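A short write-up of the structure that comes next.
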Amino acid sequence: MFTLEIDGRAIAVTDATPEAEARELLESLADEMIELESEGRQIWNGESPLKVRASTEEEIEAFEEAEMDEDAEEDDEPVVMFLVPIDGLEEDDEDED
């Protein structure tokens with residue numbers, strides 16, 4: 001697994017392989033990350049380097065423990081999971097209960 005890191009902060013993890021595919025997938029989220037905020041802070045400022053590296057054991061565990069959409073589990077397509085909370089999503093999740 002591979003992790004996207006920005007300014008020393010682990011942002012997202014993917015099960016895509018090989019590394020080139022993981023890098024392409026994670027970097028394809030760049031425009032979206034400029035718009036998204038985590039804890040009131042823009043995820044990516046559009047200038048900091050996007051670093052893709054091998055995931056740590058902790059990041060792999062977080063990915064494996066996450067509740068995945070049933071369709072995503074059945075697909076052979078790579079999955080991306082944000083490791084940081086995305087502002088605004090928590091309220092949407094609470095409304096669904």
Side-chain angles (χ1 to χ4, degrees):
M1 291 191 177
F2 295 93
T3 297
L4 173 67
E5 186 178 290
I6 301 173
D7 294 331
R9 184 178 184 203
I11 302 298
V13 64
T14 184
D15 59 355
T17 56
E19 183 176 354
E21 183 180 334
R23 179 176 305 283
E24 183 179 332
L25 178 59
L26 290 168
E27 290 177 350
S28 73
L29 301 174
D31 290 339
E32 186 176 339
M33 288 186 297
I34 289 174
E35 302 295 323
L36 294 175
E37 290 188 354
S38 176
E39 299 172 333
R41 171 176 142 195
Q42 186 180 28
I43 292 180
W44 185 49
N45 63 12
E47 296 178 12
S48 296
L50 302 176
K51 178 181 176 184
V52 177
R53 59 166 173 76
S55 299
T56 65
E57 287 298 319
E58 184 177 275
E59 293 161 351
I60 292 169
E61 285 178 26
F63 182 92
E64 291 174 345
E65 291 174 1
E67 292 183 28
M68 297 290 174
D69 183 292
E70 288 180 22
D71 293 335
E73 289 179 0
E74 293 173 7
D75 266 344
D76 287 335
E77 296 296 316
V79 174
V80 174
M81 182 190 84
F82 280 95
L83 295 168
V84 296
I86 305 299
D87 294 353
L89 290 184
E90 292 81 23
E91 293 121 25
D92 293 341
D93 291 341
E94 291 173 10
D95 292 342
E96 291 177 9
D97 293 334

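Here the structure is a predicted model, which means the values were calculated and not measured. The first residue of the sequence shown is numbered 1, and numbering continues consecutively from there.
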Inset, instruction - Test Met81 against Met1 for side-chain contact (heavy atoms from CB on, under 4.5 Å), laying out the working first. - result: CA-CA 11 Å; Met81 182 190 84; Met1 291 191 177; over 6 Å; no
Legend entry - Over 12 foreign heavy atoms within 6.0 Å of CD, Glu24: no
Inset, instruction - List the atom of Thr17, the atom of Glu21, and the distance in Å for their closest heavy-atom pair. - result: O-OE1, 2.8 Å
Legend entry - Separation between CG of Asp7 and CD of Glu47, rounded to the nearest 0.5 Å: 10.5 Å
Legend entry - Donor-acceptor contact below 3.5 Å, side chain Thr3 vs main chain Ala54: no
Legend entry - Closest approach of Leu83 to Ala62 (non-hydrogen atoms, all atoms of both residues): CD2-CB, 4.2 Å
Legend entry - Arg53 versus Glu5, closest heavy-atom pair with distance: NE-OE1, 2.6 Å
Inset, instruction - Answer yes or no: is there a side-chain heavy-atom contact under 4.5 Å between Val13 and Ile60? - result: no
Inset, instruction - Determine the minimum heavy-atom distance between Leu36 and Phe82, stating which atoms define it. - result: CD1-CZ, 4.2 Å
Legend entry - Validation row: Phe2, Glu19 side chains within 4.5 angstrom (heavy atoms): yes
Inset, instruction - Taking all heavy atoms of Ala16 and all of Pro78, pick out the closest pair and write down the distance. - result: CB-CB, 3.5 Å
Inset, instruction - Give, for atom CG of Leu29 and atom CD of Glu35, the distance between the pair rounded to the nearest 0.5 Å. - result: 13.0 Å
Inset, instruction - Mind checking the CD1-CD1 spacing from Ile43 to Ile6? Nearest 0.5 Å is all I need. - result: 7.5 Å
Inset, instruction - Mind listing the closest non-hydrogen atom pair of Leu50 and Leu4 along with its distance? - result: CB-CD1, 3.8 Å
Legend entry - Any Trp44 side-chain heavy atom under 4.5 Å of Ile11 side chain: no
